[in-house]
Amino acid sequence: MTNDDTPQHRYSATLARDLESRWQDRWETERTFWTPNPRGALLGDVNAERAGLPKLFVLDMFPYPSGAGLHVGHPLGFIGTDVYARFQRMNGRNVLHAMGFDAFGLPAEQYAVQTGQHPRVTTEQNITTYKAQLRALGLGHDPRRGVSTTDVAYYRWTQWIFLQIFNAWYDRSNDRARHVDELVAELDVGTRLPDDDGVPWAERDAMARRSYIDSKRLAYVGEAPVNWCPGLGTVLANEEVTADGRSERGNFAVYKRPLKQWMLRITEYADRLLADLDDLDWTDSIKLMQRNWIGRSEGAEVDFEVVGHDAAIAVFTTRPDTLFGATYMVLAPEHPLVDAIVPNDWPDGSDLVDVDTGRLGNWRGVFGAARTPPEAVRAYRAFAAAKSEVERAAEGREKTGVFTGAFAVNPTNGRQIPVFIADYVLMGYGTGAIMAVPGQDDRDWEFAEAFDLPIVRTVQAPDGWDGTAFTGDGPAINSANDEIDLNGLGVADAKRTIIGWLEARGVGTGTITYKLRDWLFSRQRYWGEPFPIVYDEHGPLALPDALLPVELPEMTDFEPATSDDPDALPAPPLARAEQWATVDLDLGDGLRTYRREVNTMPQWAGSCWYYLRYLDPTNEDAMVDRATEQYWTNDGNDFGTVDLYVGGVEHAVLHLLYARFWHKVLYDLGHVSAPEPFQRLFNQGYIQAYAYTDERGVYVEASEVAERDGEYFFGDQRVSREYGKIGKSLKNVVTPDEMCAEYGADTFRMYEMFMGPLDASRPWNTRDVVGVHRFLQRLWRNCIDENTGEARVADLAPSAALERLLHKTIDAVRHDYASLGFNTAIARLFELNNALTREVEATGSAPRSVAEASVLMLAPLAPHVAEELWHRLGHDASLAYEPFPVADPALLVADTVEIPVQVNGKVRAKLAVAPDADAAALEAAALADARIAEHLAGKQIVKTVVVPGRMVNFVVR
RNA sequence: GCCCGAGUGGUGGAACGGUAUACACGGCGGACUCAAAAUCCGCUGCUCGCAAGGGCGUGUGGGUUCGAAUCCCACCUCGGGUACCA
């Protein structure tokens with residue numbers, strides 16, 4: 001690249017690397033980015049006075065340190081937050097910016113299973129690599145605050161938070177979580193009554209009381225249908241299962257199984273999680289994704305009596321207005337009422353039955369060889385349970401089910417309607433049972449067609465309706481009995497009316513249901529946080545704070561028992577650590593032997609609260625000091641603690657919903673002072689890259705492909721170009737390390753910011769990087785003599801035009817930095833520098849005022865070279881806290897502006913006029929223009945539009 | 001299927017309803033050089049024209065407006081989310 005002719009002090013990659021490592025060392029030695037807390041261990045003696053400034057908490061979604069290290073796509077958001085943070089430091093904010101690691105998780109464990117290397121060793125090596133890579137980018141993080149979720153000193157507090165959740169219950173009357181001791185106290189004095197089976201509190205024994213309290217906790221052991229993944233040997237949260245019913249990690253089949261697992265009662269927060277979205281500065285699309293996930297729907301619960309039984313089937317429906325059209329019912333196959341209502345024999349005299357068609361799951365008896373209802377139910381349940389989620393998806397929406405032999409009564413008209421079980425009804429949603437209204441529901445229509453069930457329309461479909469279910473609005477029909485008449489009412493009115501009738505009759509109520517389920521919180525893994533829980537013969541008990549942390553035992557075999565058998569039972573690795581799992585403790589009634597919880601927490605646990613630990617990472621007495629938390633949360637009217645949170649959209653529901661939930665629990669219990677964790681959320685785009693395949697479709701090393709005449713060649717071989725995720729499999733990995741070596745970190749940082757808006761995804765193109773490098777080289781040359789390395793600025797006034805441009809640039813760059821519009825800020829700096837270059841060429845030196853302002857404006861983007869230039873321009877201190885330039889408003893007004901003159905909307909001339917020229921003056925000037933006169937000749941002016949300072953338009957005929 | 005979001009030069013991308021294509025890459029031409037690289041300067045949406053100048057242009061088709069990349073309607077393509085949620 002460079003040879004002997006190149007001036008010694010030209011800004012080259014070598015020079016860049018040299019000054020970058022010097023400045024990184026200096027920032028470290030001088031503790032430049034140590035951010036003071038208002039009190040406590042992190043107040044310190046460096047920058048302490050800054051604790052009096054207004055705070056700004058900037059946060060990145062912390063990374064999982066994978067063995068592959070960073071590629072160029074990873075740091076996009078990190079650089080964006082760093083630019084923003086540096087800019088705000090120069091604006092007099094006390095900025096907290098740190099980087100930790102979300103280091104529990106499957107890859108380290110799977111690597112451990114393969115190699116026997118302890119996951120902690122792998123994890124620590126990976127973190128070391130990441131830290132070195134991140135340091136080389138010059139990110140201004142406070143190194144003291146970068147916690148890892150795997151640090152014992154960190155997960156001690158993750159366990160502590162779990163205990164807060166375990167020891168809390170949700171007080172619906174006050175709509176907040178409270179400590180269970182308060183529940184016990186209220187029950188003891190009788191201001192609150194148990195809401196389960198009516199046995200008075202005073203008459204319950206200790207075990208009954210304990211089990212009642214356990215049933216109220218926000219963390220509880222529940223038996224629920226869970227996503228069991230035998231291929232991974234663990235259960236998964238709904239959020240970890242893909243749409244086609246496989247595990248997000250590893251792509252194994254997932255089955256629904258009822259298992260006892262830890263659950264967190266996030267559903268109690270559904271309404272608040274929904275409502276508080278309104279006050280967050282998040283994009284509408286993320287809010288919408290969260291709203292959809294929470295899935296609030298309003299409707300009614302209606303009881304259908306079962307013929308011949310003293311039982312009723314409760315259904316949830318969002319369309320109570322269609323109740324008259326309910327012609328059958330469907331229960332989920334595993335619905336608890338099924339066994340109770342299934343008769344031993346098929347009902348007599350039915351005109352319903354076509355026993356011999358052999359059609360799968362038809363009216364009765366023909367499911368497999370089933371001859372009786374119990375046989376049919378058993379056979380169908382086996383059929384449904386044997387299907388994995390994938391198979392269900394693959395079969396599409398084909399409706400299957402069996403008649404249970406039972407009938408229920410439609411409360412509106414007394415008609416007896418058959419009761420089915422079918423897997424299109426899910427146990428986990430609503431009541432696990434539906435009333436089927438084929439006339440107004442597509443799924444019910446399909447099922448009714450498959451099973452020849454009657455269809456009654458209760459909403460008038462529009463003329464020309466093609467015959468299937470009509471789900472739109474329209475007047476009710478066929479919907480009247482002796483007491484109530486919905487006919488003619490629209491859907492909304494009909495709903496209101498029927499709910500009133502149901503409530504008056506005591507057979508139903510208006511209700512709200514959520515799609516959101518409680519959070520399945522156990523994993524059968526080794527490399528996660530152990531629960532601070534032990535069991536006696538009656539159930540789980542919390543360990544006291546004094547016994548935290550519960551550390552992971554040393555093991556050599558980390559593998560959970562995996563299996564191809566969907567019916568295999570979970571066997572967590574910690575269960576094999578016998579010594580560890582059995583423990584003698586005195587929990588208040590003498591030394592006894594307990595069994596530890598052998599599941600671990602999911603990876604989301606540690607990432608639910610790391611931003612709080614950044615605030616006070618070394619505190620051994622509390623998760624975070626209260627006053628410190630308040631300082632970093634409140635700058636007047638904060639609703640969320642973090643001011644700016646930047647990360648990928650892939651965490652739109654999982655992480656962000658879980659973290660909001662934990663934060664709200666902590667808020668209710670008085671541990672944090674804002675109701676939400678993240679005030680402003682910004683989703684950065686992805687960087688992808690081109691990949692190339694040869695004739696066989698095999699990927700070839702992208703860095704060795706050359707473009708010639710619009711075609712791509714790998715050696716002599718023609719290859720075709722694709723576009724996709726950066727990764728080993730596409731052979732298109734480019735690392736920040738390579739870019740730093742070839743151009744320097746400043747060039748790399750600026751290129752990432754220049755490629756496009758931060759929230760847009762874009763292709764990496766190494767070829768384009770050189771443009772930013774040239775800019776830095778030109779700016780350097782404008783300030784520094786390339787032969788001597790001395791500053792070449794002069795204390796001259798810049799030309800009026802340059803000065804005006806400088807202030808216009810300051811104004812634009814400030815605005816762009818504040819709104820994360822880094823690509824356009826860079827374009828402005830390029831323009832300023834191009835103008836400065838011309839002035840330097842004309843006069844031989846750069847005016848100091850322009851050079852210094854340029855350097856300060858560059859600093860957030862390219863901090864190393866900016867520091868070096870600042871230093872060479874004669875400043876001893878780092879510019880990290882130097883005030884950012886401020887534009888002089890007087891210089892923002894141009895002396896002339898160019899105004900387009902249009903004839904019939906087409907630009908025909910441009911006028912140079914004073915910016916404050918009024919409409920009359922503009923019109924006169926436009927009419928005086930020769931070219932305009934030409935276009936107006938022989939035409940009649942119908943209308944003249946003049947917008948002062950903007951444009952003139954003549955409409956002619 | 002449903003719900004979002006996006007389609008602008010050869011490429012990445014600019015553009016409060018008011019001069020479309022800022023800035024950069026690439027390309028072309030030139031300076032420097034024995035030469036090349038690096039560096040510097042100029043040109044670069046398509047099209048007709050010697051030129052002056054004109055026509056056409058922001059996925060497609062309509063609409064609103066004096067004026068639309070921008071607002072509205074329909075459609076096409078791509079990306080994301082979600083999926084029997086009653």
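Heavy atoms only: backbone and side chains are in, while hydrogens, waters and symmetry mates are out. Order of the sequence lines sets the chain letters (A, B, ...), proteins ahead of strands, with each chain counted from 1.
Judged by Watson-Crick or G-U wobble contacts below 3.5 Å, the nucleotide B:rG79 has B:rC4 as its partner. In this structure, B:rA20 makes no Watson-Crick or G-U wobble pair, since no nucleotide meets both defining distances under 3.5 angstrom. The partner of B:rG42 is B:rC28, by the rule that a Watson-Crick or G-U pair needs both atom distances under 3.5 Å. The pairing partner recorded for B:rG67 is none, the criterion being a Watson-Crick or G-U wobble arrangement whose two distances lie under 3.5 angstrom. As the counterpart of B:rA74, B:rU60 is assigned, both hydrogen-bonding distances of the Watson-Crick or G-U wobble pattern falling under 3.5 Å.
Remark: A:R10 is not in phosphate contact with B:rU39, judged by side-chain N or O atoms under 4.0 Å from OP1 or OP2. Distances shorter than 4.0 Å separate some side-chain N or O of A:N834 from OP1 or OP2 on B:rA24. Taking 4.0 angstrom as the limit, A:K943 places a side-chain polar atom (N or O) nearer than this to OP1 or OP2 of B:rC66. The phosphate of B:rC56 has OP1 or OP2 within less than 4.0 Å of a side-chain N or O from A:K906. For the pair A:R838 and B:rC40, the criterion of a side-chain N or O lying under 4.0 Å from OP1 or OP2 is not met.
The aromatic rings of A:Y424 and A:F447 sit tilted, their planes meeting at an angle between 30° and 60°. Ring geometry for A:F830 versus A:F775: interplanar angle of 30 to 60°, hence tilted.
Within the nucleic acid shown, A:H935 comes within 4.0 Å of sugar-phosphate atoms alone, with no base atom in reach, counting heavy atoms only. A:S297 comes within 4.0 angstrom of sugar-phosphate atoms only, judged by non-hydrogen atoms across all strands, and of no base. Within 4.0 Å of A:R291, counting heavy atoms only, lies no atom of the nucleic acid at all. A:R778 comes within 4.0 angstrom of the backbone, heavy atoms only, and of no base. Within 4.0 Å of A:D441, counting heavy atoms only, lies no atom of the nucleic acid at all.
Remark: side-chain polar atoms of A:N904 are paired, donor with acceptor, to backbone N or O of A:V956 under 3.5 angstrom. Formation of a donor-acceptor pair under 3.5 Å by the A:R828 side chain with backbone atoms of A:T809 is not found in this model.
Residues of residues 898-905 of chain A that place a heavy atom closer than 4.0 Å to RNA chain B, in numerical order, are A:E898, A:P900, A:Q902.
Both A:M951 and A:A433 lie near RNA chain B, and the one whose nearest nucleotide falls closer to the 5' end is A:M951. Mapped onto RNA chain B by nearest heavy atom, A:R319 and A:R931 fall at different nucleotides, with A:R931 at the one closer to the 5' end.
In summary, A:R838 and A:E841 do not engage in a salt bridge, as defined by a charged side-chain N under 4.0 Å from a carboxylate O. Salt bridge annotation for A:K910-A:D929: absent, with no cationic side-chain nitrogen under 4.0 angstrom from a carboxylate oxygen.
Counting only N and O atoms by type, the side chains of A:T458 and A:Q440 include a donor and acceptor under 3.5 Å apart.
Under the side-chain contact (heavy atoms from CB on, under 4.5 Å) criterion, A:A270 pairs with A:I294, A:Y514, A:L516, sequence neighbours left out. The side-chain contact (heavy atoms from CB on, under 4.5 Å) test applied to A:T318 returns A:S297, A:F316, not counting sequence neighbours. Under the rule for a ring pair (Phe, Tyr, Trp, His ring centres under 6.0 Å), the partners of A:Y11 that lie at least two apart in sequence or sit in another chain are A:H773, A:W780.
Syn is the glycosidic conformation of B:rG9, whose angle stays within 90° of 0.
Atoms CG and CD, on A:D442 and A:E446 in that order, are 7.0 Å from each other to the nearest 0.5 Å.
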Every protein N/O within reach of nucleotides 8-15 of chain B N/O, cut-off under 3.5 Å:
from	atom 1	to	atom 2	distance (Å)
B:rG12	O2'	A:M755	O	2.7
B:rA14	OP1	A:N823	ND2	3.0

Each nucleotide N or O in nucleotides 45-52 of chain B that has a protein N or O under 3.5 Å away: list the pair and distance.
none

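Counting heavy atoms of neighbouring residues, nucleotides and ligands inside a 6.0 Å radius, atom CD of A:E650 exceeds 12 of them.
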